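A short write-up of the structure that comes next.
Quick caveat, the model's predicted, so the values are computed rather than measured.
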Amino acid sequence: MKVSLFITCLCDVFSTDVGKNTVEILERAGCEVDFPEAQTCCGQPAFNSGYLSDAKESMKQMMKAFQFSDYVVGPSGSCVGMLKEYPKIFANDLVWRDEAKRLAAKSYEITQFLVDVLGVEDVGSTFKGKITYHPSCHMTRILGVKDAPMTLLKNVEGAELVELPVKEDCCGFGGTFAVKNSVISGEMVKKKSAHVSETGAEFLVSGDMGCLLNIGGRMAREGKNVKVAHITEILNQH
């Protein structure tokens, strides 16, 4: 099966190991992975800030970059969720609407692709430690991926998985929300940090780097000894 990696901006800039882990996990699952270098930002920051015409330019570039891909897989529920919005955004565009539908239909977040497309529930990972999982808002509410990450984490040999209290609450990041509403965002992540502490976990795991940067930053400022890890880091331990 041929898969194209959608690396996402945050992973590319802040956590390059996430891309490496994603590729290695997919290859172990039997996929042939390529990386279309023409890809760019999915357009979400500009779109959410109201700059529709600028956002559309990024979106068109993404559609061109992945035009010949069989599957597009990314390590971010938020960014892949944005690709799923393209058909709505280009619904009245006779030139781009069909390509928008095609890209949306073949795009998946990494855990979603493993479980729902490949039928893989155990990637053969071994990880020693107590972990808790934060389900990001965009992954669960926009993309609709709720069970796949937990299914994979429960099958990681040696890991102790503890449920995060009030896990459905937003961490306060929300992309530009954290910038435009910093006081409210700060109070939200303060609560999320407290809930992480309740679990006694050594590692906070999530499928979106934005959440991990936000929560991890708060916990670091509070002097907490909790490490943050993208889910691919856990799934690629063996």
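Clustering ILVMFWY residues whenever any of their side-chain heavy atoms sit less than 4.5 angstrom apart, transitively, puts I110 in the very cluster that holds V156. No chain of hydrophobic side-chain contacts below 4.5 Å, direct or via other Ile, Leu, Val, Met, Phe, Trp or Tyr residues, connects F127 to V162. The cluster map of Ile, Leu, Val, Met, Phe, Trp and Tyr, joined by side-chain heavy atoms under 4.5 Å apart, puts I25 and L152 in the same cluster. Both M63 and F35 are part of a single hydrophobic cluster, where members link through side-chain heavy atoms under 4.5 Å apart. Clustering ILVMFWY residues whenever any of their side-chain heavy atoms sit less than 4.5 angstrom apart, transitively, puts M139 in a cluster other than the one holding I215.
Residues D34 and K2 are not in side-chain contact: their nearest non-hydrogen atoms beyond the backbone lie 4.5 Å or more apart. Looking at H238 and N236, their side chains come closer than 4.5 Å, going by heavy atoms from C-beta outward. Residues I89 and L52 have side chains in contact (heavy-atom distance under 4.5 Å, counting atoms from C-beta outward). When side chains are defined from C-beta on, K192 does not count as touching F173, because their heavy atoms never get closer than 4.5 Å. Side-chain contact between F113 and C31: present, with at least one pair of heavy atoms (C-beta onward) separated by less than 4.5 Å. Side-chain contact check for L103 versus K106: some heavy-atom pair is nearer than 4.5 Å. A 4.5 Å side-chain heavy-atom check between M82 and M59 finds at least one atom pair inside the cut-off. With a 4.5 Å cut-off on side-chain heavy atoms, S107 and F6 do not count as touching.
The closest donor-acceptor contact from the side chain of T140 to the backbone of C137 lies under 3.5 Å. Panel note: side chain Q61, backbone A38; a donor-acceptor pair is recorded below 3.5 Å. Remark: side-chain polar atoms of D208 are not paired, donor with acceptor, to backbone N or O of C211 under 3.5 angstrom. The closest donor-acceptor contact from the side chain of S69 to the backbone of V72 lies at 3.5 Å or more, if one exists at all. With hydrogens and angles disregarded, a donor-acceptor distance shorter than 3.5 Å links the side chain of K224 to the backbone of S193. Side-chain N or O atoms of N155 include one that pairs as donor or acceptor with a backbone N or O of E121 at under 3.5 Å. In this structure, the side chain of Q44 engages the main chain of S78 through a donor-acceptor pair within 3.5 Å. Under a 3.5 Å cut-off, the side chain of N214 and the backbone N or O of C171 do form a donor-acceptor pair.
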Check step by step if side chain to side chain contact (heavy atoms under 4.5 Å, CB included) holds for K191 and V166.
CA-CA 10 Å; K191 287 186 177 181; V166 202; over 6 Å; no

Let me see the working for C42 and Y86 under side chain to side chain contact (heavy atoms under 4.5 Å, CB included), right down to the final yes or no.
CA-CA 10 Å; C42 66; Y86 283 18; 3.9 Å; yes

Set out, in order, the CA-CA distance, both residues' side-chain angles and the distance that settles side chain to side chain contact (heavy atoms under 4.5 Å, CB included) for Q39 and M62, then state yes or no.
CA-CA 5 Å; Q39 63 183 278; M62 288 292 285; 4.0 Å; yes

In sequence, state the C-alpha distance, the side-chain angles, and the governing distance for E85 and I142, and then conclude on side chain to side chain contact (heavy atoms under 4.5 Å, CB included).
CA-CA 9 Å; E85 297 295 308; I142 294 177; 4.0 Å; yes

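The environment of Y71 atom OH is sparse: at most 12 non-hydrogen atoms of other residues, nucleotides or ligands sit within 6.0 angstrom. Dense packing is recorded around CD of E222, with more than 12 heavy atoms of other residues, nucleotides or ligands lying under 6.0 Å away. Heavy-atom contacts from other residues, nucleotides or ligands closer than 6.0 Å to NZ of K146 number 12 or fewer. At most 12 heavy atoms of other shown residues, nucleotides or ligands fall within 6.0 angstrom of atom CD in E32.
Atoms CG and CD, on N21 and Q237 in that order, are 7.5 Å from each other to the nearest 0.5 Å. Atom SG of C11 sits about 6.0 Å away from atom CE of M209, to the nearest 0.5 Å. Distance CD/E187 to CG/N181: 13.0 Å, rounded to 0.5 Å. For the atom pair NZ (K190) and OG (S185), the distance works out to 13.5 Å, reported to the nearest 0.5 Å. Atom NE2 of H195 is separated from atom CG of L164 by 7.5 Å, given to the nearest 0.5 angstrom. Atom CZ of F203 is separated from atom NZ of K128 by 13.0 Å, given to the nearest 0.5 angstrom.
Taking all atoms of both residues into account, the shortest heavy-atom contact from C79 to S76 is N-OG, 3.1 Å. For the residue pair P87 and A100, the shortest heavy atom distance occurs at CG-O, 3.7 Å. The two residues V120 and V123 come nearest to each other via the heavy atoms CG1-CG1, 3.9 Å. Nearest heavy-atom pair, P149 versus T111, reported as atom, atom and distance to 0.1 Å: CG-OG1, 3.5 Å. Contact detail for V18 and P75: the closest heavy-atom pair is CG1-CB, 3.5 Å. Of all non-hydrogen atoms in M188 and G172, the two that sit nearest each other are CB-CA, 3.8 Å.
Remark: K167 fails to qualify as a cation-pi partner of Y133 under the 6.0 Å distance and 45° angle criteria applied to the six-membered ring. Within the cation-pi definition used here (under 6.0 Å to the ring centroid, within 45° of the axis), K84 qualifies as a partner of Y108.
With L118 as the partner, the side chain to side chain contact (heavy atoms under 4.5 Å, CB included) test is satisfied by one option alone out of L114, V115, D116: L114. Put simply, the residue from E99, K101, K60 that forms a side chain to side chain contact (heavy atoms under 4.5 Å, CB included) with F90 is K60.
Under the 3.5 Å distance criterion, with hydrogens and angles disregarded, no donor-acceptor pair is assigned to the side chains of T199 and T132. Inspection of the S206 and H134 side chains reveals no N or O donor paired with an N or O acceptor under 3.5 Å. Between the side chains of H230 and T232, at least one donor N or O lies within less than 3.5 Å of an accepting N or O.
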